[in-house]
Amino acid sequence: MQELLSKLFNNKFEIKRDPFIKDCLTIPVIEMNPTPKEKYVVIDRKCGEAVMRGANIYVPGILGMSMPDAQEMETVSIICDVYNQSKKGKKFTNPLIELLQTTVEPLQFFTSKKQKKLLNNNEESTTCSLNQLNERLEFYAQNIPSMITVHLLDPKPNERVLDLCAAPGGKSLHICNLMENKGELVSCDKNKSKVGILTKLKERYNLQIMKCLQLDGTKATFNGESKKEEKTDIVNEEKKEEPKKKKKKVNNSTVNSLLPESFDKVLVDAPCSGLGQRPNFSFLEFTLNDLKEVASYQRKLLVEGKNCLKKGGYLVYSTCSRE
């Protein structure tokens with residue numbers, strides 16, 4: 001696999017096998033110390049976070065530039081306005097936070113509403129783009145903490161496993177791999193479109209043991225006694241009529257639920273504030289009440305995850321931020 005991955009990147013990068021995670025290959029990042037440039041482009045906070053994760057820069061994320069005479073293929077510095085103190089189209093004189101350096105492509109600023117690419121984020125880069133891996137079934141790009149989480153869960157062949165907050169599906173894919181596609185994995189998400197993403201992942205990688213289920217994880221278990229006699233642990237309860245409210249209509253005709261004490265292992269990869277993610281420039285958007293609400297939501301997920309476990313079962317709770 002190492003040789004195959006090296007060949008994919010034309011032997012430009014040193015591919016290493018992680019000494020502690022047997023199924024993990026890593027591509028080291030070479031540190032860069034660029035010299036600041038006289039000309040620079042200013043981007044907004046969200047765009048800055050995306051750039052730090054390797055994305056290109058598109059017109060909607062650009063606020064302005066220091067000088068209007070940047071030439072095609074000229075190297076400029078990329079500046080991020082972390083505190084949202086800039087207005088779009090302004091001429092800047094005070095740099096904010098420099099992220100990297102890149103080259104200008106031949107497009108005009110603010111002339112198109114379409115998300116046209118203006119700057120490449122790989123001209124000066126010493127790391128590789130993982131987008132090429134999306135076309136190969138042998139590899140799946142994932143960060144190391146996510147891999148460690150699944151190894152802590154330690155799913156075995158022929159077990160019944162629940163991934164309560166599964167989208168976009170990287171951990172579910174890893175679970176199926178460790179289970180050798182034997183047993184059963186139920187992968188859930190409350191959002192219909194995200195369940196669609198899980199289904200596409202299942203089909204792409206032929207994950208035969210994976211069942212994709214639209215489910216509100218905070219209401220995962222069904223408490224009706226009559227339903228416990230059914231053979232399946234996935235129950236479709238007819239949705240009862242409710243008084244009319246001024247809310248967006250839900251197209252689901254059924255509400256999915258799970259029987260209690262029906263899984264050997266449960267993964268609760270709970271949604272969180274995202275403050276633990278790196279890079280992160282959005283820390284100013286959160287209040288103490290916001291964090292308390294996230295913590296309350298996570299507690300509900302943990303309770304339901306526990307209810308789904310068989311006696312003697314094993315639950316792993318993971319999140320990037322501890323609220």
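Predicted model, so just to flag it, every value in this text is computed and none were measured.
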Beyond-backbone contact of [X] with [Y], side-chain heavy atoms, under 4.5 angstrom:
X	Y	answer
Ile43	Leu63	no
Leu185	Leu207	no
Leu267	Ser318	yes
Leu215	Leu258	yes
Ile27	Ile15	yes
Tyr317	Gln298	yes
Val161	Glu184	no
Met179	Lys182	no

Calculate, to the nearest 0.5 Å, the distance between atoms [atom1] and [atom2] belonging to [X] and [Y] respectively.
X	Y	atom1	atom2	answer
Leu25	Asp18	CG	CG	9.0 Å
Cys188	Lys211	SG	NZ	11.5 Å
Tyr140	Asn177	OH	CG	12.5 Å
Asn307	Leu259	CG	CG	12.0 Å

Who passes side chain to side chain donor-acceptor pair (under 3.5 Å) against Lys16, sequence neighbours left out?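 Checked Lys16 against side chain to side chain donor-acceptor pair (under 3.5 Å); zero matches.
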Please assess Arg160 against Asp264 for the test salt bridge (charged side-chain N to carboxylate O under 4.0 Å, His left out), listing each intermediate value before the final yes or no. CA-CA 5 Å; Arg160 302 193 68 255; Asp264 299 298; over 6 Å; no
Please confirm whether the backbone N or O of [Y] pairs with a side-chain atom of [X], one donor and one acceptor, at under 3.5 Å?
X	Y	value
Arg17	Gln2	no
Glu304	Leu301	no
Glu261	Lys311	no
Asp216	Ser257	no
Lys265	Asp154	yes

[X] versus [Y], closest heavy-atom pair with distance:
X	Y	answer
Ile57	Cys47	CG2-SG, 4.1 Å
Tyr314	Leu153	CD2-O, 3.8 Å
Gly305	Val268	CA-CG2, 4.2 Å

Quick one: list whatever passes side-chain contact (heavy atoms from CB on, under 4.5 Å) with Glu203, sequence neighbours left out.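 Testing Glu203 for side-chain contact (heavy atoms from CB on, under 4.5 Å), a comparison that skips the adjacent residues, returns Thr199.
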List, one per line, each side-chain donor-acceptor pair under 3.5 Å for residues 162-176, sequence neighbours excluded.
from	atom 1	to	atom 2	distance (Å)
Asp163	OD2	Ser172	OG	2.7
Lys171	NZ	Ser146	OG	3.4
Lys171	NZ	Asp269	OD2	3.1
Ser172	OG	Ser187	OG	2.8
His174	NE2	Asp23	OD2	2.7

Please test Asp189 against Ile197 for side-chain contact (heavy atoms from CB on, under 4.5 Å), starting from the C-alpha separation and ending with a verdict. CA-CA 10 Å; Asp189 198 279; Ile197 294 174; over 6 Å; no
Between Thr287 and Asn289, do the side chains contain a donor N or O and an acceptor N or O under 3.5 Å apart?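 No - no donor-acceptor pair under 3.5 Å links their side chains.
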How far apart are the C-alpha atoms of Lys306 and Cys308, what are their side-chain angles, what is the distance that settles it, and do they pass the side-chain contact (heavy atoms from CB on, under 4.5 Å) test? CA-CA 5 Å; Lys306 169 190 166 293; Cys308 290; over 6 Å; no
Is Leu152 reachable from Met147 through a run of I, L, V, M, F, W or Y residues, each pair having side-chain heavy atoms under 4.5 Å apart?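 Hydrophobic grouping puts Met147 with Leu152.
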